[in-house]
Amino acid sequence: MPGFSEKLIDLVLGGVGGVAGALMPEHWRQQAHARLADFNPFEIIKANHDLTRAVRIAWVQAAIAVLEAAQEATSQGADAPDGFFPVAFEALRAIRHDAWDRRGHPGTTAIDVHLEVILRETPGFITPGGASQSTDPLTAGFVETLARISHWPVPEIPVEVGQIAHAGLRQLEDGPPRDFGELVFAAFAELLKDPNKYPQAGTAFAIAQQEATRRLVSETLARTAGIDAKVDQLVARVDAGTLIEASAARYRALRLDIGGIARGQDDAAAAAERRHREVIEAIAAQRGVPLTALQAQLARLGEVRVDADTIPARIESFVTEFLKLKAELARPTNADPGIAGARRRMLAMLEAGDLVGARAMLADELVRVRESRRQVAREEAMLLADRARLDLLEIRYAEAVASYEEAAELVRFDGEAARGYLLECADALIMLGDEFGDSQSFKRAIALLREKALPLAPRTRAALDWAAVQHRLGRALTLLGERDGSVTYLEEALVAFSAAADARPRETEPIAWARSQNGRAAALLHLAQFETGTARQEEAVAALRAALGALTPESAGEDWATAQGNLAAALTRIFRRSGDVARLDESVVAHRAALQVYTREAIPLEWASCQVNLGCTLLDRAMCLEDTRTMAEAAVAFRSSLEELPRERVPIFWAMAKNNLGCALIWLGDQEKNPALLEEAVEALRAALEERRRERVPLEWASTQANIGIALRSLGEYQGDVSKLTESVLIQRAVLEEYRRDRVPSEWAAVQEDLAWSLEALGKATRDTACLDEAVAGYHAAMDEQRRMGKDTALTEARLERALATLSELAQPSAK
């Protein structure tokens, strides 16, 4: 179907032929169309301020209808980012408000990128017989234009918005749906047809059409020159003025009738229109409904193409609802004075028949009321957050979590504020999980960060906020992975920390960047427990040295100290895999550097934590060098830390200190052959098990149980106590149920060797060769794994030879 511009060109060409007394051949006509393909007869409309404003109002009205439908759809279960709809509605209302103000130049808006599409195609659509496919480009560009208006990234606009814009909305129950483009055209046509809505728009449109005709005639005459000699002769004989008048007359026959009735209607339709007007005039006189309101409703019914026979019933329904609304508005109310005043103004507008003005005024009042309600919500959320912080001081983590969640829900309309409360809520959950060993708290924090906080901090619009969420996500995943022994969680933590570091440039955000490097290192160190070699630990050391390169103790004291502590831990773990004592010396230096910031007086909890870690390094060094003095220093560090580690607040860390103290006492007891120290070690280790329960932290439980098994074996050997040796064997067998060879091969090999030693001691004490046979097999299995990991097997081989010698001795006949 030819477009409206093509119809106008045909009129002019036909006028050329008609005035010249000859017909225009089809091939001439096609060449003329090709030459005039870039001509836009409506270009002049863009220069008219009233039409510019009318187009914007129509666009906004259609957009609000689509958004309201999309918001309702998302509230019924679709996953839409919080905060988009309020921002979009406010931006649209601001444009509409400015468009109604005719006192100055209209300026430009994001809507204007569609202006040419709208004005180029509108007459072709609203003229009877026009092509409705002209709405497609306008509908297709709706979401992108909406994104520019609201400053919201296109990928984060709810998908329902675009879907509804394309699928369309039904204006009446039995009417066809209209896509966004059709809604704009309908709203624009309504403004042109109804002088009560925008009086200047219809006149401006008629003038612009007349001017477009004149321009089209002039362009046609100019551009047809040279098509053919005969055409040139025809054009030369044409009187331009006569042609303009003739074409303008034909053009006016096609254009939209501003009064709302297209010329060319048949007599029956015209008669029906007259009857409808008579009906509404009678209703206006008899029922007290303003004639202007009834006229507007009649025009709207015609616009949505309802069956003419149903118009009287629809008008009657309109009158009933109109009068009911008036009665409701006139009823006294105890509402806020501002709301009561708005209802009075709305009643006055209805009595004057100004439904459009009433709707606009009501929209503005709703904005005011909603903002007032939001301010109250902000203040309530602030008080809830204050209560949550008080709960944190009193170690009421669960109560703090509930308060932060409620605060975030109250300010869902404010994405930034809601995100802040959600992050504080996640922090409280992480503290609860870390200090009380509660894996479910970590999982709740992870779900909250992924499902609620991240959508409120899109990387494209708020990179640093997005990075802050990713960093917390990495921390929660690391702690959960450590607690549950999960490689999957730890690998996810690495991804989160790396993403956070990428979004935090070292040059502009050195402290935040360094924190993400710290987090990466922690995840790497935990992952290393499930792998052989030192690659993960070396990667962690590199990350920590990079973090320290971006920090100083003066500019970022605690962050610098944290990096030093983590560096010390990484170096210690490299030693445990490689046996490189130099790494232990570096670790001790790093721990003591951290203690320059973590002082007992200023930060007792952090000081105690650092003392525990220093004690672990000293313990490793003492065992490696067989240095009793260094081991005594380690025991002092553990005892001191326990003085500042309240079990009720940090039960898991308290248990770690108890476990490590037990390890130091075992070594000292063995070196000094002091059963009292070994008994104290068992007591400390059993206390640690009260918090390191198997169902909650299986790997930590296994580590402490393994240490108890070693202590009991030593006591059994020194005291000749078979029951302690038997208990040692049972405990170490249970440990191997958690320290599986496929999960933690290094730990499995160590416990396998300890179990072989206990079996050897038990077999020797009871003269049971079966125990010794099992001990020999255990030593062999441990050595197989040690060789696979590239470790030195000399000590294990010596123990194997000792067990074989004992077995050989027991196999000899007893002397009579």
Q: Determine, for Trp701 and Arg693, whether the Lys NZ or Arg CZ falls below 6.0 Å from the six-membered ring centre while staying within 45 degrees of the axis.
A: no

Q | Salt-bridge criterion met for Arg629 and Asp627 (N-O under 4.0 Å) | A | no

Q. So Leu736 and Leu755, side-chain contact (heavy atoms from CB on, under 4.5 Å) or not? Walk me through it.
A. CA-CA 9 Å; Leu736 288 174; Leu755 173 59; 3.7 Å; yes

Q: Using a strict 4.0 Å threshold on nitrogen-to-oxygen distance, state whether Arg694 and Glu737 make a salt bridge.
A: yes

Q: Please report the closest heavy-atom contact between Ala521 and Leu544, naming both atoms and the distance.
A: CB-CG, 3.4 Å

Q: Kindly indicate, with the supporting measurements, whether the criterion side-chain contact (heavy atoms from CB on, under 4.5 Å) is fulfilled by Leu618 and Met631.
A: CA-CA 6 Å; Leu618 291 169; Met631 187 63 77; over 6 Å; no

Q. Between Asp670 and Tyr718, does any side-chain donor sit less than 3.5 Å from a side-chain acceptor?
A. yes

Q: Could you give me the CA-CA distance, side-chain angles and deciding distance for Asp792 and Gln786, then say whether side-chain contact (heavy atoms from CB on, under 4.5 Å) is met?
A: CA-CA 7 Å; Asp792 184 6; Gln786 290 166 356; over 6 Å; no

Q.
Please determine whether side chain to side chain donor-acceptor pair (under 3.5 Å) holds for the pair Gln611 and Ser640, giving the CA-CA distance in whole Å, both sets of side-chain angles, and the decisive distance to 0.1 Å.
A. CA-CA 8 Å; Gln611 286 288 348; Ser640 299; 5.6 Å; no

Q) With a 4.0 Å cut-off, would you call Glu717 and Lys724 a salt bridge? A) no

Q) Is there a donor-acceptor pair under 3.5 Å between the side chain of Arg577 and the backbone N or O of Ala528? A) yes

Q: Check whether any side-chain heavy atom of Leu423 sits under 4.5 Å from a side-chain heavy atom of Arg472, and report yes or no.
A: yes

Q.
Salt bridge check, Arg621 against Asp585: does any charged N sit closer than 4.0 Å to a carboxylate O?
A. yes

Q | Leu595 backbone acceptor or donor facing Thr599 side chain under 3.5 Å | A | no

Q. Thinking salt bridges, do Glu691 and Lys658 make one under a 4.0 Å N-O criterion?
A. no

(Q) Here's one to test your reading of the geometry: is the NZ or CZ of Arg504 within 45 degrees of the ring axis of Trp466 and under 6.0 Å from its centre? (A) no

Q | Side-chain donor or acceptor of Ser498 paired with backbone N/O of Val495 under 3.5 Å | A | no

Q.
Checking the side chain of Arg713 only, and the main-chain atoms of Asp754 only, is there a donor and an acceptor separated by less than 3.5 Å?
A. yes

(Q) Can a donor-acceptor pair be found, under 3.5 Å and without considering hydrogens, that links the side chain of Ser587 to the backbone of Arg583? (A) no

Q | Modelled atom types, side-chain donor and acceptor of Tyr739 and Glu747, under 3.5 Å | A | no

Q | Arg389 side chain reached by Tyr404 side chain, heavy atoms, under 4.5 Å | A | yes

Q) Do Leu685 and Ile666 touch side chain to side chain, with heavy atoms closer than 4.5 Å? A) yes

Q. Could Glu492 and Arg450 be called an ion pair, given the rule that one side-chain N must be under 4.0 Å from one carboxylate O?
A. yes

Q.
I'd like to know whether Gln671 forms a side chain to side chain donor-acceptor pair (under 3.5 Å) with Thr628, so could you lay out the CA-CA distance, the side-chain angles of the two residues, the decisive distance to 0.1 Å, and finally the verdict.
A. CA-CA 8 Å; Gln671 290 294 311; Thr628 303; 4.5 Å; no

Q: State, to 0.1 Å, how close Gly615 and Ala634 come at their nearest heavy-atom pair, and which atoms those are.
A: O-CB, 3.4 Å

Q: Measure across Leu715 and Pro675 and return the closest heavy-atom pair with its distance rounded to 0.1 Å.
A: CD2-O, 3.7 Å

**Q.** SB check Glu727 Arg686 (cutoff 4.0 Å)
**A.** yes

Q.
Does Glu394, at its CD atom, have more than 12 non-hydrogen atoms belonging to other residues, nucleotides or ligands within less than 6.0 Å?
A. yes

Q | Under-4.0 Å salt bridge between Arg444 and Glu405 | A | yes

Q.
Using a 6.0 Å cut-off, check whether atom NZ of Lys791 has over 12 heavy atoms from anything other than its own residue.
A. yes

Q: Starting from the C-alpha separation in whole Å, work towards a yes-or-no answer on salt bridge (charged side-chain N to carboxylate O under 4.0 Å, His left out) for Glu738 and Arg692.
A: CA-CA 13 Å; Glu738 295 295 341; Arg692 288 185 158 191; over 6 Å; no

(Q) Is it the case that the side chain of His591 and the backbone of Asn613 share a donor-acceptor pair, with hydrogens and angles ignored and the cut-off at 3.5 Å? (A) yes

Q | Minimum side-chain heavy-atom gap Gln564-Leu548 below 4.5 Å | A | yes

Q: State plainly whether the residues Arg787 and Glu797 are in salt-bridge range, i.e. N to O under 4.0 Å.
A: yes

Q: State whether Arg788 and Glu785 are salt-bridged, where the test is any N-O pair (Lys NZ or Arg NE/NH1/NH2 against Asp/Glu carboxylate O) under 4.0 Å.
A: yes

(Q) Looking at Glu399, I want to see if its CD is surrounded by more than 12 non-hydrogen atoms of other residues, nucleotides or ligands under 6.0 Å. (A) yes

Q.
Can you tell whether the side chains of Glu680 and Arg639 come within less than 4.0 Å, N to carboxylate O?
A. yes

Q. Which pair of heavy atoms, one from Val722 and one from Ala765, lies closest together, and at what distance?
A. CG2-CB, 4.3 Å

Q: Without swapping roles, check the side chain of Asp484 against the backbone of Ser486 for a donor-acceptor pair under 3.5 Å.
A: no

**Q.** Criterion side chain to side chain donor-acceptor pair (under 3.5 Å) on Tyr489 and Glu482, from CA distance to verdict
**A.** CA-CA 9 Å; Tyr489 288 135; Glu482 176 192 7; over 6 Å; no

Q. For Leu605, does its backbone N or O pair with a side-chain atom of Ser609 as donor and acceptor, under 3.5 Å?
A. no

Q. Under 4.0 Å between a Lys/Arg side-chain N and an Asp/Glu carboxylate O for Arg647 and Glu690?
A. yes

Q: List the steps and the verdict of side chain to side chain donor-acceptor pair (under 3.5 Å) for Ser403 and Tyr421.
A: CA-CA 9 Å; Ser403 293; Tyr421 291 132; over 6 Å; no

(Q) Evaluate Arg802 against Tyr779 for side-chain contact (heavy atoms from CB on, under 4.5 Å), listing each step before the verdict. (A) CA-CA 11 Å; Arg802 183 185 64 196; Tyr779 283 131; 3.5 Å; yes

Q: Evaluate the side-chain proximity of Leu429 to Phe442: yes if any heavy-atom separation is below 4.5 Å, no if none is.
A: no

**Q.** Asn707 side-chain N/O to Ser703 backbone N/O, donor-acceptor pair under 3.5 Å
**A.** yes

Q: Ignoring hydrogens and angles, tell me if any N or O in the side chain of Thr704 forms a donor-acceptor pair with the backbone of Glu700 under 3.5 Å.
A: yes

Q | Non-hydrogen atoms of Gly662 and Ala681 that approach each other most closely | A | O-CB, 3.4 Å

Q | Enclosure of Arg475 CZ (heavy-atom neighbours >12, cutoff 6.0 Å) | A | no

Q: Measure the spacing between NE2 of His526 and CG of Leu494 and express it to the nearest 0.5 Å.
A: 11.0 Å

Q) What's the shortest heavy-atom distance between Ala594 and Cys610, and which atoms? A) CB-SG, 3.8 Å

Q: Please assess Asp434 against Arg483 for the test salt bridge (charged side-chain N to carboxylate O under 4.0 Å, His left out), listing each intermediate value before the final yes or no.
A: CA-CA 9 Å; Asp434 191 26; Arg483 189 81 63 227; 3.6 Å; yes

